[in-house]
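First the structure, in the form of structure tokens, and then the observations on it.
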Amino acid sequence: MVTERIYIEDKDHPKEAQLKKPAEILKNGGLVAFPTETVYGLGANALNEEAAKKIYAAKGRPSDNPLIAHIADFKDLPDLVLEVPEAGKKLMEAFWPGPLTLIFPKSRRVPYGTTGGLDTVAVRMPDHPVANALIRLAGVPIAAPSANTSGRPSPTTADHVCQDMNGKIEMIVDGGAVGIGVESTIIDVSGNEPMILRPGAITQEMASKVLGQEIRLDPAITSGPMSQEVKPKAPGMKYKHYAPKADLTLVEGEPEAVIGTINRLVKEKLSKGFQVGIICTEETKEHYHDGMIKSMGFRAKEETIAHNLYAVLREFDDLNADFIFSESFQDTHLGQAIMNRLTKAAGYHIIQTEKEKTL
Ligand code: AMP
Ligand code: MG
């Protein structure tokens with residue numbers, strides 16, 4: 001298959017004429033990658049089981065990992081869900097359109113092929129002019145997981161999508177680099193107690209404020225390596241996602257101790273002839289001298305770290321790094337999403353520089 005790529009010049013005011021063809025492809029059961037404010041999505045008609053199957057094939061995604069249905073207007077929600085619980089209403093009003101996915105009991109219209117056999121459905125209303133215009137034009141809800149090969153870092157530019165999906169999908173809509181850079185927050189409002197299944201740019205603190213009570217994180221995402229006892233409620237969270245090709249290790253602790261440990265580990269690996277990368281920040285980069293040093297952004301501005309995280313992991317893939325050592329981040333606010341993605345990319349390989357700290 002030849003993958004066509006179209007470029008949207010003004011992503012804030014996409015021309016309808018340009019989006020007609022991708023919308024037509026989506027309507028007819030084909031695959032189109034497009035930008036959202038979180039990461040690039042791989043879109044298909046969410047109500048068409050055959051189209052959803054193509055997503056799993058193109059990504060190499062396990063079929064028990066359900067898809068998120070994307071809508072552009074509130075009026076399109078009732079068709080997909082059995083009910084909208086009170087917590088869901090509050091969160092939708094506060095954060096839609098935006099980087100928040102909500103899990104509802106599903107209606108009969110949503111095929112099990114989209115929900116991985118579950119009786120619930122994940123729905124999001126993105127906040128990106130190209131995504132929203134495309135969904136509207138297609139006239140159907142669009143299932144859109146990240147447009148990467150399963151297990152690789154999510155794509156934040158159309159070039160990333162091209163690296164993974166060229167020849168496998170009908171079209172890539174290039175709307176430039178995305179803004180946020182990590183996938184949406186997922187909150188399950190289908191049960192008795194709302195719960196965060198995946199941290200993202202809508203933070204635990206922000207959701208708690210809107211709900212008027214502390215919202216908990218699914219214990220499975222805070223308990224370290226997935227075990228048999230703690231199964232994550234979002235099936236996708238059990239896979240080793242976001243993985244770079246290199247062996248990634250996170251180093252936690254006081255800044256000075258972290259820098260010292262990383263410098264020592266890098267020297268060790270370099271002396272054995274390995275290609276070694278360092279993931280650091282603008283505040284700390286001058287303290288590193290050996291290996292391939294990449295700053296993700298400003299520690300004091302966590303949104304810059306989230307924005308660059310996946311691109312930096314992909315750059316190290318291109319550089320054929322054997323080992324990467326990364327600084328870590330605080331586990332609150334947006335740092336929660338950053339640490340969630342980094343610890344998974346590292347396969348939970350974390351070094352504590354202070355003995356008294358345990359995982
Ligand atoms: P992605 O589409 O790659 O952003 O991944 C979607 C995430 O949403 C995966 O972790 C899925 O397991 C999760 N998800 C989608 N639908 C549901 C659902 N009905 N219940 C729980 N998690 C879901
Ligand atoms: Mg994904």
Side-chain angles (χ1 to χ4, degrees), residues 31 33-44 46 51-52 54-56 58-71 77 80-83 85 88 99-107 109-126 128 131 141-156 160-161 164-165 178 180-191 194-202 217-221 226 231-243 306 309-310 313-314 337 340-341 344-345:
L31 300 184
F34 61 91
T36 78
E37 79 278 34
T38 56
V39 300
Y40 268 77
L42 178 56
K54 291 185 194 168
I55 288 185
Y56 290 102
K59 282 179 61 76
R61 178 173 171 118
S63 60
D64 71 339
N65 190 358
L67 305 171
I68 297 171
H70 292 70
I71 57 174
L77 181 66
L80 304 179
V81 303
L82 275 188
E83 54 160 339
L100 173 68
T101 296
L102 294 168
I103 310 281
F104 299 104
K106 85 170 192 70
S107 73
R109 279 214 75 190
V110 183
Y112 284 112
T114 299
T115 68
L118 296 174
D119 285 315
T120 50
V121 60
V123 187
R124 179 164 102 84
M125 187 188 292
H128 191 292
I142 301 296
S146 47
N148 54 301
T149 301
S150 235
R152 288 212 69 201
S154 294
T156 54
H160 296 162
V161 178
D164 287 11
M165 292 296 150
V178 302
I180 294 172
V182 292
E183 302 84 348
S184 59
T185 306
I186 302 179
I187 299 184
D188 185 356
V189 291
S190 70
M195 191 173 280
I196 297 179
L197 307 192
R198 175 172 77 185
I202 302 301
L217 255 75
D218 179 359
I221 51 176
M226 298 304 168
K231 276 217 172 72
K233 293 199 175 55
M237 297 301 279
K238 71 175 175 279
Y239 299 106
K240 186 188 168 187
H241 256 63
Y242 324 119
L309 193 154
Y310 288 132
L313 292 179
R314 275 184 185 256
N340 171 259
R341 305 314 192 268
K344 288 187 79 177

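Here the structure is a predicted model, which is why all the values come from computation and not from measurement. Start at 1 and go down the list; that is how both ligands and their atoms are numbered.
Looking at N148, its side chain never comes within 3.5 Å of a backbone N or O of P155 through a donor-acceptor pair.
P66 pairs by the side-chain contact (heavy atoms from CB on, under 4.5 Å) definition with L118, P235, not counting sequence neighbours. For A44, the side-chain contact (heavy atoms from CB on, under 4.5 Å) partners two or more places apart in sequence, or in a different chain, are L31, A51, I55.
A salt bridge links R152 to D164: at least one charged side-chain nitrogen sits closer than 4.0 Å to a carboxylate oxygen.
Numbered from 1 in the order shown, with element, the atoms of ligand 1 that lie under 4.0 Å from a heavy atom of A122 read 15 (C), 16 (N), 17 (C). Residue L118 approaches ligand 1 through these ligand atoms, each under 4.0 Å from one of its heavy atoms: 18 (C), 19 (N), 20 (N). Distances below 4.0 Å separate heavy atoms of N65 from the following atoms of ligand 1: 9 (C), 11 (C), 12 (O). Atoms of ligand 1 found under 4.0 Å from any heavy atom of S146 (numbered from 1 in listed order, with element): 3 (O).
Contact annotation for T120 and ligand 1: heavy atoms of both the backbone and the side chain come within less than 4.0 Å of the ligand. Residue contacts with ligand 1 for K106 are absent, since no atom lies close enough (heavy atoms, distance under 4.0 Å). For T115, no heavy-atom contact with ligand 1 is shorter than 4.0 Å. By the criterion of a heavy-atom distance under 4.0 Å, the side chain of R61, and not its backbone, is placed next to ligand 1. Contacts between I186 and ligand 1 below 4.0 angstrom, taking non-hydrogen atoms only, involve the side chain exclusively.
The residue from A147, P66, A69 that puts a heavy atom closest to atom 17 (C) of ligand 1 is P66.
Of the N and O atoms on the side chains of T101 and S184, at least one donor lies less than 3.5 Å from an acceptor on the other residue. Using modelled atom types and a 3.5 Å distance limit, the side chains of S146 and E183 yield no donor-acceptor pair. No side-chain donor-acceptor contact under 3.5 Å links S154 and R341.
Looking at ligand 1, you won't find any N or O of E183 less than 3.5 Å from one of its N or O atoms.
Distances from the Mg ion (ligand 2) show that N148 has no N/O/S atom below 2.8 Å.
I196 CD1 to L217 CG: the interatomic distance, rounded to the nearest 0.5 Å, is 5.0 Å.
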